[in-house]
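Sequence lines set the chain letters: A, B, ... in the order given, protein chains first and strands last, and positions in each chain run from 1.
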2 protein chains.
Amino acid sequence: MYTALYNHINTFVDLSNDEREILASMLKSFLFKKKAFLLEQGQICRSNYFVVKGCLRLYFIDIKGVEQTTQFAIENWWITDLTSFLFQKPSDFFVQAAEDTRVIAIEQHRYDEMFERLPKIEKYFRLILQKNHQASQRRIMFLYSFTAEERYRHFNSLFPEFVQRIPQYMLASYLGFTPEFLSKIRAKK
Amino acid sequence: MYTALYNHINTFVDLSNDEREILASMLKSFLFKKKAFLLEQGQICRSNYFVVKGCLRLYFIDIKGVEQTTQFAIENWWITDLTSFLFQKPSDFFVQAAEDTRVIAIEQHRYDEMFERLPKIEKYFRLILQKNHQASQRRIMFLYSFTAEERYRHFNSLFPEFVQRIPQYMLASYLGFTPEFLSKIRAKK
DNA sequence: ACCTTTTCTTAATCTACATTAAGTTTTTTG
DNA sequence: CAAAAAACTTAATGTAGATTAAGAAAAGGT
């Protein structure tokens, strides 16, 4: 049931079968259809989501009414609006399935209990939060270093198959420019 | 000696005196003069730094040779190039004192030991990494929502005293524009 | 297979911000 | 306190990328 998550956890810490069972009792598994919403702006974020297969995206609608994608999560990544999730207050974000997506969810009222009962999970989350922090430092450097065109070419060379998988307008806003400009770049070669 | 850090830790978890002593044996305290480097590009990042008083900044030099400030750390914030620190590989970044700064440092070879011996510190770091992740989500939203001028006015209204404390060219690059443009904005009113 | 909706493209025009360069003010240092 | 260095300002010119608008292609539903 939760083997994808167990496997991921095991690349960081060793969980016993007993620990896996305790953990399993706190998790839920869902399948979301493409375009389904896991969270909408104004709602309170109930869960932190681990992507087993598929792709979720986190986005908001800016002052001009345009969707701005701030994060993607593919296989083995967690995604949520942390502020809304932790403090149970209304979110500024949407979480939506970019394709049919299998997720494992932990609800907020179970989240702290999980750390109390499973110290190894405390370490696991500390380690994946470190990875997130590394990714954020890299992303800021990336945004501040390169032009729009360079950002696209770089991203495309790192994740060519992912670029095929998702609509271009989502990628454009993630990289910080408009879909029209992305079209222009792509036409160039 | 390390009371500023103990106080900060205690806002998240309760440390006993014994635990404080163990922790103290792994820490070092330093005073850096304004403009002193704690880390330079190409060096391996030896420590993670907690700012007791003063201000550190993380920056890199972009392709055009311009300094790009990606992070500030003031009282009660940790700062380091995480990738270089965790994997002991050469850094792309500089860490520099923006003013005379008192720091508490934990070296990399002590870092994992700290978590082994002090599970409460595992929780403490998980919690501050969560705070970092929240801050990153907010920052990306902020960068994608507003014009340069709006970003400056917003930042200035949130941290008016901090804006006075640091050179404008550092702030300009942190907010994603040039010092000349910041001058122009400020002249407007 | 057809119709609707969504996504992508093209091209003309526009603008926020960068660049360059010179001068001025402030801070630092001997 | 004088000289040098660092930080800031002003203004003219340039450009990456936004905006607008209309049409084309692809995807999805029945």
Round to the nearest Å and state the distance from B:Y169 atom OH to C:dT25 atom C1'.
16 Å

Quick check: on DNA chain D, is the nucleotide nearest B:Q168 upstream (toward 5') of the one nearest A:E180, or the reverse? Name the residue that is more 5'.
B:Q168

For D:dT19, take OP1 and OP2 only and decide whether either is under 4.0 Å from a side-chain N or O of A:K64.
yes

Starting at CG of B:L171 and ending at P of D:dT9, how long is that distance when rounded to a whole Å?
12 Å

Mind calculating the distance between CD (B:Q164) and C1' (C:dT26) to the nearest angstrom?
14 Å

Rounded to whole Å, please give me the gap between CZ in B:R186 and C1' in D:dT9.
11 Å

Main-chain N/O of B:S25 paired with B:R110 side-chain donor or acceptor, under 3.5 Å
yes

Rounded distance (Å) that lies between atom P of D:dT15 and atom CZ of B:F177
23 Å

Atom CD of A:E67 and atom P of C:dT6 are separated, to the nearest Å, by 11 Å

Please determine, for the side chain of A:S183, which listed nucleotide (C:dT9, C:dT28, D:dT10) has the closest atom?
C:dT9

Going by the ring-ring contact (aromatic ring centres under 6.0 Å, His included) test, name the single residue among A:F155, A:F162, A:F159 that passes it with A:Y174.
A:F155

Do the two ring centres, one from B:Y152 and one from B:F177, sit under 6.0 Å apart?
no

Where each residue is assigned the nucleotide of DNA chain D containing its nearest heavy atom, which of A:G176 and B:L182 is assigned the position nearer the 5′ end?
B:L182

Applying a 4.0 Å non-hydrogen cut-off, can you work out what A:F181 is touching in the nucleic acid: base, sugar-phosphate, or nothing?
base

Could you give the CG-to-C1' distance, from B:L175 to C:dA18, as a whole number of Å?
16 Å

May I have all residue pairs that pass side-chain hydrogen bond (donor to acceptor under 3.5 Å, both in side chains) and include part of residues 72-87 of chain A, sequence neighbours excluded?
A:W78-A:Y124, A:D81-A:S91, A:T83-B:Q134

Looking at B:K35, does any N or O in its side chain come under 4.0 Å of the phosphate oxygens OP1/OP2 on D:dA7?
yes

Strictly below 4.0 Å: does A:K184 bring a side-chain N or O up to OP1 or OP2 of D:dA18?
no

Examine C:dA18: is either OP1 or OP2 under 4.0 Å from a nitrogen or oxygen in the side chain of B:T178? Give yes or no.
yes

Of the nucleotides D:dT10, C:dC17, D:dG17, which has the atom closest to the B:A148 side chain?
C:dC17

With clusters defined by side-chain heavy atoms of hydrophobic residues (ILVMFWY) lying less than 4.5 Å apart, directly or transitively, does B:M170 cluster with B:L182?
yes

C:dT7 P sits how many Å from A:R165 CZ, rounded?
17 Å

